[in-house]
There are 2 protein chains.
Amino acid sequence: MVARYERIADALRDDILAGLHPVGSQLPTEAELAARYLAARGTVRQAVAVLVAEGLVGSRQGARRIVLGKARSQSFAELHSFAQWARANGYRFGGQMITQGRRAASPAEAARLGTDEVLDVLRLRTLEGEPVLLERTVYAEWVAAAVEELAPGCESVTEALYDSIGLVFAYGEHLIDAVSAGAQDARLLGVRRGSPLLRQRRITTTHEGRPVEWSDDRYRAGSVVFSIRNSIDANPLVRQAGDLRFGA
Amino acid sequence: MVARYERIADALRDDILAGLHPVGSQLPTEAELAARYLAARGTVRQAVAVLVAEGLVGSRQGARRIVLGKARSQSFAELHSFAQWARANGYRFGGQMITQGRRAASPAEAARLGTDEVLDVLRLRTLEGEPVLLERTVYAEWVAAAVEELAPGCESVTEALYDSIGLVFAYGEHLIDAVSAGAQDARLLGVRRGSPLLRQRRITTTHEGRPVEWSDDRYRAGSVVFSIRNSIDANPLVRQAGDLRFGA
DNA sequence: TAAGGGAACTTGTACAAACAAGCCAGCACA
DNA sequence: TGTGCTGGCTTGTTTGTACAAGTTCCCTTA
């Protein structure tokens, strides 16, 4: 059962994408929308709030709402999983486990993941045949066994873990910066040592807030761009001075 | 007049930051909070929704809400303005206009900014005495005059434009990737040519959705990290294959 | 002992109503 | 002509109520 406000939000989003409400134009008023969809004003407000959160619509008290853009946003799964992202966008992709092994957690890892032992995995992902992403992932001990079961050429770790133990990745925190390629980075990604890489470090947790993995993902420059929409009201993006958190 | 739900959200955030609700613990139920703050359940829900949007609290139907983290998020102004960000975090900072001049807009710029003529400005920003950020900003024609009025050493362009013509930056779209330093980048930032830079391209608009500026900001690697929190429900971050949008 | 079935609890959705606050166009006045 | 104010419109806030849906845990039963 999909909520009413979600269906209204979908309908409005489709209208915007279809050009019925061009960028820069005004959205119908809440009263109009309520009449059109035979819903209470509060329900319509919830629907519009979805679009505002997506950055598609701008809103401020007293003034009519405005269409800001028409880009569609991705699901969490698409952001989290390289495979789901690539598949949703129609790319050819692949993945290969390079090395994998258990070891004792460093103090920082123990604090982040809440376990003494970790499973350290290095994976290389390709897009359209080109090596694009190097993933250095550290898994908490309680998922290590399930990860070790995976085939070395497993395309989607996220999906495989959901199928095998019902694991759902629910929350993430991401740190994005630029680093130069080390010797191993350069060799595996096929770039020169010292060339720029886009680094995304992230920690992912379950619904319960239980940490699952800590990953250091490095993209070849030019292969991937992160996009964020924000506003004076909603600001998901934060700038931090370098390397203050999470150690090196 | 601050809204009630905002004051409740502030109180809850303070409690979390103060450790009254540790990371991983459960938040009080809506009913409890409503009783404590003498507010209707709907109002409490709005307050909690703020914290959920900030990524501090996780929420799902049927289960008690969970404290996910205690990082405080920045305002849009702090993200948008280097000066406001640096000041709020207690850093010594500076800025210097390097070159500035009007020229005809390229087709891409005309499409983005909606003007035929643009003002092109190159600025270098320093943090703790070190050159850290190179801003290549293109302003729409209708703000060009106000920007030209600014002093070359103007610390905060955002604040200066608000003071002079009441301009408010309200919405932004950001593209984040890594590039290697060109000759000019290297010289001004004091790094070697080809060394990694964190690039943030952004377009900023007014409340009305009117584009004001298009900027290409390059940070020296290691000086700045972007941080984003997301969840299966709220996902502000999007990954895109390289250089599909906004041209080069 | 383990699986299954609820009952109680908690969050999510929807409606209705009233007032507050900000925006904007049009009117009156200088 | 242009300035300032006012009134209508639109979005924001708050309360109250009812039901839906998911979670959790205990108790029953095999």
Side-chain angles (χ1 to χ4, degrees), chain A residues 1-12 21 24-53 56-68 166-168 170-171 206-210 231-234, chain B residues 1-12 21 24-53 56-68 166-168 170-171 206-210 231-234:
Chain A
M1 182 58 185
V2 182
R4 195 108 122 84
Y5 77 88
E6 284 187 63
R7 275 177 300 166
I8 297 178
D10 290 342
L12 282 172
H21 304 300
S25 70
Q26 293 183 335
L27 222 57
T29 65
E30 291 179 358
E32 277 180 85
L33 292 172
R36 180 186 307 174
Y37 294 106
L38 298 175
R41 193 181 150 221
T43 307
V44 169
R45 281 183 66 77
Q46 262 183 292
V48 178
V50 172
L51 303 185
V52 171
L56 260 63
V57 169
S59 186
R60 63 187 169 134
Q61 194 174 71
R64 291 282 296 275
R65 273 183 266 255
I66 292 172
V67 178
L68 290 173
L167 180 63
V168 175
Y171 302 105
T206 65
H207 276 304
E208 294 81 27
R210 193 176 187 195
S231 79
I232 208 163
D233 299 315
Chain B
M1 183 57 186
V2 182
R4 195 110 125 85
Y5 77 88
E6 284 187 65
R7 275 179 300 167
I8 297 177
D10 290 343
L12 281 173
H21 304 300
S25 70
Q26 294 183 335
L27 220 57
T29 66
E30 291 180 359
E32 277 180 85
L33 292 173
R36 180 185 308 173
Y37 294 107
L38 299 176
R41 193 182 149 221
T43 306
V44 169
R45 281 182 65 77
Q46 277 189 85
V48 178
V50 172
L51 303 184
V52 171
L56 260 63
V57 168
S59 187
R60 64 186 168 134
Q61 194 174 74
R64 290 282 295 273
R65 272 182 266 254
I66 291 171
V67 179
L68 290 173
L167 179 64
V168 175
Y171 302 105
T206 64
H207 275 303
E208 293 81 28
R210 193 177 187 193
S231 78
I232 209 163
D233 298 316

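Owing to the predicted nature of the structure, the values given are computational and were not obtained by experimental measurement. Letters A, B, ... mirror the listed sequences (proteins, then strands); counts begin at 1.
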**Asked** Can you find a heavy atom in the side chain of A:His207 that is under 4.5 Å from one in the side chain of A:Val168?
**Response** yes

**Message:** I'd like to check A:Leu33 versus A:Ile8 (side-chain heavy atoms, cut-off strictly below 4.5 Å). Are they in contact?
**Reply:** no

**Asked** Hey, does the side chain of A:Arg4 reach the backbone of A:Tyr37 with a donor-acceptor pair shorter than 3.5 angstrom?
**Response** yes

**Fill in**
The salt bridge (charged side-chain N to carboxylate O under 4.0 Å, His left out) partners of A:Arg41 (sequence neighbours excluded) come to A:Glu30

**Message:** A side-chain contact here means heavy atoms from C-beta on lying under 4.5 Å apart; do A:Leu27 and A:Arg64 qualify?
**Reply:** no

**Request:** Spell out protein contact along nucleotides 10-16 of chain C as letters: B when the base is contacted, S when just the sugar-phosphate is, - when no protein heavy atom is under 4.0 Å; keep the 5' to 3' order.
**Result:** BBBBSB-

